[in-house]
Amino acid sequence: MTTIPTAPADLLADEAGYLEAVARARQAADAYYGSGESGMDDDTYDRLLRGITAFEVEHPDLVAADSPTREVAAGVTTGDVEHAVRMLSLGNVFSEEDLRDWAAGLERRLGGRAVAAWVVEPKLDGVALAARYQDGKLVQLVTRGDGSTGEDVSHVIGDLAGLPSELTEPVTVEVRGEVLMTEEQFAAANEARAAHGGAVFANRRNASSGSLRAKDRAYRVAQTFFAYDALTDPAHTSDPGLAELPHTELIARLGALGLGTTLGTPVGTHPCADLDAVLARIEAIGVQRPDLPYELDGAVIKADLPADRAEAGTGSRTPHWATAYKYPAAQKITTLLAVEWSVGRTGVIAPRAVLEPVEVGGTTITYATLHNPADIRRRDLMIGDQVTVYRAGEVIPRVEGAMTTLRTGAEQAIEFPEACPRCGAAIDRSQERWRCERGRDCGRVEAIRYAVARDCLDVDGLGEKIVVQLVERGMIEDFADLFPLTREQLLSLDRMGETSADNLLGAIAKAKGQPLNRVFCALGVLGTGRSMSLRIAGYFGSMDSIVAADAVALEKVDGIGGEKAPVIVAELAELAPVIAKLKAAGVNLDQPGWVPPPADDAEPEPDSGLPLQGMSVVVTGGMSGPLADYSRTQMNELVARAGGKATSSVSKKTGIVVAGEKAGSKLEKARELGIEVLTPEEFAERLAEFLTEEA
Ligand code: IVH
């Protein structure tokens, strides 16, 4: 288990420092629970709170009456609806060590015996909500408030997916869970708000809490509810059986009643026999986190059985039988310093945010994507704004939104380019994504460099200086023009000796024999990178079939949806002259060892006799032995040659995991799921006949 480092607490030197910290935390919490915007990100707030807690442990006599550690939700929001049972908060742990300490404490409370069964579920980053059902009908929604009383937000009944107005059975029960916005819902909420003259939200949780509490609005905002608890005491429900259920079964029962739960999602409520399994699960959820449509800020670890919970008991703010393992914050607030415009190899003009450097999830972020100009307008961003930056796992950091309420008046409008920033030509603004009117011609050098890179045609010795000369002297317009180049032409270039020219000619000639997936990849079709090119080539087998395919046929390829397919068709039409030149130059346009995909109605796949037929394979860690020099693309190609499909994440459907040196969470997940794990050497031995002479 790779332990996530514990973020240090803010150290508070003396009582004055402590009181100031209490005031800052209080102010941030007031703002957060008031306007939904605090100006302080979670991580900073957590650190501040831990510093306060550490000081209070040392100096119990100096604890301030208004310390935020005293009450649930920092005691700021009070509404007018009393909770039948207090809505509790959760304690936090930040490392494996913290978690083991916490679990040891819990087991001491159980008289020294182990917790009978654990359960791990995602800590959804939204707003806590209690939903009251009377005889199966949704009658009232109440926010957590200060834990004892909350605010009635029944006006949003009907807007929350996962909270049906009627259950599948006429049960009386209070369900508790989290309301949040998926990425799509967030975009829609911002659009609706902007259309009605409102300021866009800085981030999703602000948007959730703001939208829940806004009454008398002219438009509706859709959100999503996930249940993680219910009042199971027979005093509060018409279903006395609920109290007996382990948590895992309670969640399943809530799901059966028609409520939204995380069950059935890759991160859903999951039983774990012991702490090692709990830790593996926490890590597995952390791995999934960037791919989820909603945000998580941690994992929640709970004792599964009602008996353990009852024996462990509950403190004033938090239960003793559950805690939250916090992942490094995925969001931070920082200043938007500038917006830069760059032109990609296909002529797409993309804005990127330059940020005051900020650490998010263990990496210092200086740039973040802004997608396209429409996105900047939708988010109503200005230079100098305090913006929320999101980054989890390997995803490209992005700006979620601006804290518009914190504007000082010194912010400046973002300037949009009038002409292509690279070549000065006009801009095609017909799509959300702007493009230089010259398209690929604008990015010729970049496009050719991409085509000859190691993972595409792998032409050794063709550096940027040579490409620039070739383009500037009009010898080539695209990478297909490389193949007819003569020795004399190469020798006419600056600083090109005979040996280099011969080597380069040899490398270009060798590239003619590359498999179709690499040649296709070299075309630089929008929306198709290396692995998508491999899938397309593996599906169609030849360039002719790809070019002949319409959008419907393309959609049969894994990962191509209704949006991407027509773009590919249009791109290929535009690239027809390049493809014709490749053909004329004798470049290989077939996928070696291609086996036609099964027809739609043919159920069982024809037996190709290939060792990995129909199997999905995940490669992780560093390769060694005969595979030592294989790049990931080459590994994927090897898997495809042997009839398999290379995928990037481990799931129940994975057939083999090839785990090399320093394999991490994917290996752990494979072990957990009991999937066959091979070393690179074992894998090479199994596929010996498919290893090519040259990697
Ligand atoms: S259980 C008695 N489970 O985290 C225990 N809470 O910091 C009450 N949360 O107020 C909470 N996902 O809003 C629980 N799977 C989950 C959760 C979860 C998110 C939120 C909830 C709670 C806060 C505590």
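The model shown is predicted, which means the values in this text are computed figures rather than measured ones.
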Inset, instruction - Could you tell me the separation between the CZ atom of Arg86 and the CZ atom of Arg317, rounded to the nearest 0.5 Å? - result: 9.5 Å
Inset, instruction - Identify the two heavy atoms, one from Asp159 and one from Arg220, that lie closest to each other, and give their separation to 0.1 Å. - result: OD1-NE, 2.9 Å
Inset, instruction - Please lay out, stage by stage, how Glu668 and Glu672 fare under the test side-chain contact (heavy atoms from CB on, under 4.5 Å). - result: CA-CA 6 Å; Glu668 276 183 39; Glu672 197 184 307; 5.7 Å; no
Inset, instruction - Could you tell me which non-hydrogen atom of Pro164 sits nearest to which non-hydrogen atom of Leu259, and how far apart they are? - result: CD-CD2, 4.0 Å
Legend entry - salt_bridge(Arg109, Glu107) N-O dist < 4.0 Å: no
Inset, instruction - For side-chain contact (heavy atoms from CB on, under 4.5 Å), just list the numbers for Val657 and Thr620, CA-CA rounded to whole Å, side-chain angles, deciding distance to a tenth of an Å, and then say yes or no. - result: CA-CA 7 Å; Val657 171; Thr620 180; 3.9 Å; yes
Legend entry - Donor-acceptor under 3.5 Å (Lys666 side chain, Ser648 main chain): yes
Inset, instruction - Would you please indicate if the ring centroids of Phe226 and Tyr294 are separated by under 6.0 Å? - result: yes
Inset, instruction - Please confirm whether the backbone N or O of Ala207 pairs with a side-chain atom of Ser211, one donor and one acceptor, at under 3.5 Å? - result: yes
Inset, instruction - Measure up the Trp102 and Trp118 rings against each other and bin them: parallel (under 30°), tilted (30 to 60°), perpendicular (over 60°). - result: tilted
Inset, instruction - Please confirm whether the backbone N or O of Thr172 pairs with a side-chain atom of Ser238, one donor and one acceptor, at under 3.5 Å? - result: yes
Show me, pair by pair, the donor-acceptor contacts under 3.5 angstrom made by side chains of residues 241-251, not counting sequence neighbours?
from, atom 1, to, atom 2, distance (Å)
His247, ND1, Arg309, NH2, 3.3
His247, NE2, Glu121, OE1, 3.0
His247, NE2, Glu121, OE2, 3.4
Thr248, OG1, Asp304, OD1, 3.3
Thr248, OG1, Asp304, OD2, 2.9

Legend entry - N/O donor-acceptor pair under 3.5 Å between Asn190 side chain and Arg193 backbone: no
Inset, instruction - Identify the two heavy atoms, one from Tyr45 and one from Ala28, that lie closest to each other, and give their separation to 0.1 Å. - result: CD1-CB, 4.3 Å
Legend entry - Any donor-acceptor N/O pair, Arg379 side chain to Glu400 backbone, under 3.5 Å: yes
Legend entry - Sub-4.5 Å side-chain heavy-atom contact between Leu90 and Tyr325: no
Legend entry - Pairwise side-chain contact, Thr314 with Trp321, heavy-atom cut-off 4.5 Å (strictly under): yes
Legend entry - Pair Glu169 + Arg253, salt bridge at N-O below 4.0 Å: yes
Inset, instruction - Please step through side-chain contact (heavy atoms from CB on, under 4.5 Å) for the pair Val399 and Thr388, ending with a clear verdict. - result: CA-CA 6 Å; Val399 171; Thr388 305; over 6 Å; no
Inset, instruction - Rounded to the nearest 0.5 Å, what's the gap from CG on Asp146 to NE2 on His83? Could you check? - result: 7.5 Å
Legend entry - Row check, Tyr327 ring normal vs Arg289 NZ/CZ: under 6.0 Å, within 45°: no
Legend entry - Minimum heavy-atom distance between Asp125 and Glu178, given as atom pair plus value: C-OE2, 4.2 Å
Inset, instruction - Evaluate the side-chain proximity of Leu279 to Leu99: yes if any heavy-atom separation is below 4.5 Å, no if none is. - result: yes
Legend entry - Min side-chain heavy-atom separation Val171-Leu257 under 4.5 Å: yes
Inset, instruction - Determine yes or no for a side-chain-to-main-chain donor-acceptor pair under 3.5 angstrom, with His155 supplying the side chain and Leu212 the backbone. - result: yes
Legend entry - Heavy-atom donor-acceptor pair, His236 side chain to Val173 backbone, under 3.5 Å: no
Inset, instruction - Run the salt-bridge test on Arg213 and Glu151 with the 4.0 Å N-O cut-off and return the result as yes or no. - result: yes
Inset, instruction - Give the intermediate values and the outcome of salt bridge (charged side-chain N to carboxylate O under 4.0 Å, His left out) for residues Lys326 and Asp98. - result: CA-CA 11 Å; Lys326 288 288 217 66; Asp98 283 0; over 6 Å; no
Legend entry - Non-hydrogen atoms of Ala312 and Leu110 that approach each other most closely: N-CD2, 3.9 Å
Inset, instruction - Scan side-chain atoms only and decide if Thr224 and Gln185 contain a donor-acceptor pair under the 3.5 Å cut-off. - result: yes
Inset, instruction - Indicate yes or no: at least one non-hydrogen side-chain atom of Val142 is less than 4.5 angstrom from one of Val153. - result: no
Legend entry - Closest contact, heavy atoms only, Ser154 versus Leu141: OG-N, 3.1 Å
Legend entry - Check: Thr262 side chain, Thr265 main-chain N or O, donor-acceptor pair, under 3.5 Å: no
Inset, instruction - Output yes when Asp297 and Lys123 qualify as a salt bridge under the 4.0 Å nitrogen-oxygen rule, no when they do not. - result: yes
Inset, instruction - Say whether Ser148 and Glu82, considering side chains only, have a donor N or O and an acceptor N or O under 3.5 Å apart. - result: no
Legend entry - Side-chain heavy-atom pair Leu163, Leu129 within 4.5 angstrom cut-off: yes
Legend entry - Lys669 side, atom NZ; Ser651 side, atom OG - distance, nearest 0.5 Å: 7.0 Å
Inset, instruction - May I have the step-by-step check of side-chain contact (heavy atoms from CB on, under 4.5 Å) for Ile52 and Leu12, ending in yes or no? - result: CA-CA 7 Å; Ile52 291 172; Leu12 305 174; 4.1 Å; yes
Legend entry - Sub-4.5 Å side-chain heavy-atom contact between Arg205 and Glu295: no
Legend entry - No-hydrogen, no-angle side-chain donor-acceptor test under 3.5 Å, Asp152 and Gln140: yes
Legend entry - Test item: Asp274 side-chain N/O and Ala277 main-chain N/O as donor-acceptor pair under 3.5 Å: yes
Inset, instruction - Examine distances only and state if a side-chain atom of Thr647 and a backbone atom of Ser616 form a donor-acceptor pair shorter than 3.5 Å. - result: no
Legend entry - Arg100 atom CZ: more than 12 heavy-atom contacts under 6.0 Å: yes
Legend entry - Euclidean distance, Ser665 OG relative to Gln288 CD, rounded to 0.5 Å: 9.5 Å
Inset, instruction - Give, for atom CG of Asn203 and atom NZ of Lys332, the distance between the pair rounded to the nearest 0.5 Å. - result: 14.0 Å
Inset, instruction - Report the residue from Thr261, Val175, Leu124 that forms a side-chain contact (heavy atoms from CB on, under 4.5 Å) with Phe225. - result: Val175
Inset, instruction - Indicate whether any N or O donor in one side chain lies under 3.5 Å from an N or O acceptor in the other, for Thr237 and Asp239. - result: no
Inset, instruction - Could you tell me the separation between the CD1 atom of Ile301 and the CG atom of Leu275, rounded to the nearest 0.5 Å? - result: 9.0 Å
Inset, instruction - Measure the shortest side-chain to side-chain distance between Leu231 and Arg176 over non-hydrogen atoms and say whether it is less than 4.5 angstrom. - result: yes
